[in-house]
Enquirer: 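Mind looking over this structure? Questions follow.
Keep in mind it's a predicted model, so treat the numbers as computed, not measured.
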Amino acid sequence: MTITVNDYYQPGWREHAHHCPACEWQGSSRQMEMELHDEQTEYSCPHCEFPILVVQHPDLAHVQAAAAAGNEEAQQQLAILAMAPRPPAADH
């Protein structure tokens with residue numbers, strides 16, 4: 001069964017030991033094959049490629065809420081976004 005993490009800032013999902021139901025492999029997401037998509041990242045078993053974990057990417061409101069709640073990773077992500085060049089405002 002594939003596990004879905006809807007809260008990117010949920011503590012521990014990266015380090016949690018996951019079990020592959022297809023081949024019995026066990027390990028953390030850091031040991032899995034990672035496939036990045038626009039709205040999510042999929043983590044698969046490094047032995048049989050069974051999809052073990054799907055992590056939903058946070059939207060800006062979720063990042064801001066997590067940063068306001070003191071999440072250091074979210075605060076760092078907001079700082080990176082603040083440094084990104086912005087297109088000039090359109091004159092109306």
Side-chain angles (χ1 to χ4, degrees):
M1 180 167 101
T2 303
I3 297 169
T4 300
V5 175
N6 291 311
D7 180 1
Y8 178 85
Y9 300 107
Q10 170 185 318
W13 68 262
R14 289 180 178 99
E15 295 79 22
H16 180 78
H18 296 278
H19 172 87
C20 178
C23 76
E24 304 300 318
W25 174 86
Q26 292 185 39
S28 73
S29 67
R30 297 181 194 278
Q31 298 167 295
M32 295 180 203
E33 299 294 324
M34 183 178 82
E35 188 173 331
L36 184 63
H37 300 278
D38 288 340
E39 295 182 11
Q40 65 192 25
T41 301
E42 295 177 9
Y43 294 84
S44 299
C45 176
H47 293 276
C48 72
E49 299 183 8
F50 184 88
I52 297 174
L53 184 64
V54 173
V55 179
Q56 299 295 324
H57 297 168
D59 60 15
L60 181 57
H62 192 179
V63 177
Q64 291 169 331
N71 183 284
E72 187 176 326
E73 182 179 4
Q75 292 168 350
Q76 292 170 354
Q77 290 170 339
L78 284 181
I80 291 168
L81 289 173
M83 293 187 299
R86 300 190 189 278
D91 292 329
H92 294 277

Enquirer: List for me each residue that meets ring-ring contact (aromatic ring centres under 6.0 Å, His included) alongside His19, sequence neighbours excluded, and say none if there are none.
Expert: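 Scan of His19 (ring-ring contact (aromatic ring centres under 6.0 Å, His included), adjacent residues dropped) gives none.
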Enquirer: Can you list every pair that meets salt bridge (charged side-chain N to carboxylate O under 4.0 Å, His left out) and has a residue in residues 18-30, with sequence neighbours left out?
Expert: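 Applying salt bridge (charged side-chain N to carboxylate O under 4.0 Å, His left out) to every pair that reaches into residues 18-30, excluding sequence neighbours, yields Glu15-Arg30.
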Enquirer: Output all residues satisfying side chain to side chain donor-acceptor pair (under 3.5 Å) with Asp7, sequence neighbours left out; order by chain, then residue number.
Expert: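 Asp7 satisfies side chain to side chain donor-acceptor pair (under 3.5 Å) with His62 once adjacent residues are dropped.
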Enquirer: So which heavy atom on Ala74 is nearest to which on Ala67, and how close?
Expert: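 Closest approach of Ala74 to Ala67: CB-N, 3.5 Å.
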Enquirer: With sequence neighbours left out, write down each residue that passes side chain to side chain donor-acceptor pair (under 3.5 Å) with Gln56, or none if nothing qualifies.
Expert: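 Side chain to side chain donor-acceptor pair (under 3.5 Å) list for Gln56, sorted by chain: Gln40.
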Enquirer: With salt bridge (charged side-chain N to carboxylate O under 4.0 Å, His left out) as the rule and sequence neighbours excluded, what pairs involving residues 62-82 come up?
Expert: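 Sorted pair list: Arg14-Glu73.
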Enquirer: Return the minimal non-hydrogen interatomic distance between Cys45 and Cys48, and the atom names on each side.
Expert: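 Residues Cys45 and Cys48, closest heavy atoms: SG-N, 3.5 Å.
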Enquirer: Please find the pair of heavy atoms, one from Gln31 and one from Pro46, that lie closest to each other, and give the distance.
Expert: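 Scanning both residues completely, I find the closest heavy atoms to be O-CG, 3.6 Å.
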Enquirer: Hey, could you give me each pair passing salt bridge (charged side-chain N to carboxylate O under 4.0 Å, His left out) that has a residue in residues 40-68? Not counting sequence neighbours.
Expert: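 Qualifying pairs: none.
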Enquirer: What's the separation between atom CD in Gln64 and atom CD in Gln77, rounded to the nearest 0.5 Å?
Expert: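 Answer for the CD-CD pair, Gln64 versus Gln77, is 11.5 Å.
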Enquirer: Thr2: what forms a side chain to side chain donor-acceptor pair (under 3.5 Å) with it, not counting sequence neighbours?
Expert: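 Partners of Thr2 under the side chain to side chain donor-acceptor pair (under 3.5 Å) test: none.
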Enquirer: The criterion is side chain to side chain donor-acceptor pair (under 3.5 Å); which residues satisfy it with Glu35, sequence neighbours excluded?
Expert: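 His37.
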Enquirer: I'd like to know if the side chain of His18 and the backbone of Ser29 have a donor-acceptor N/O pair within less than 3.5 Å.
Expert: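 Answer holds: no.
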Enquirer: Linking Ile, Leu, Val, Met, Phe, Trp and Tyr through side-chain heavy atoms less than 4.5 Å apart, which residues share a cluster with Val55?
Expert: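 Val55 clusters with Ile3, Val5, Tyr8, Tyr9, Trp13, Trp25, Met32, Met34, Tyr43, Phe50, Ile52, Leu53, Leu60, Val63, Leu78, Leu81.
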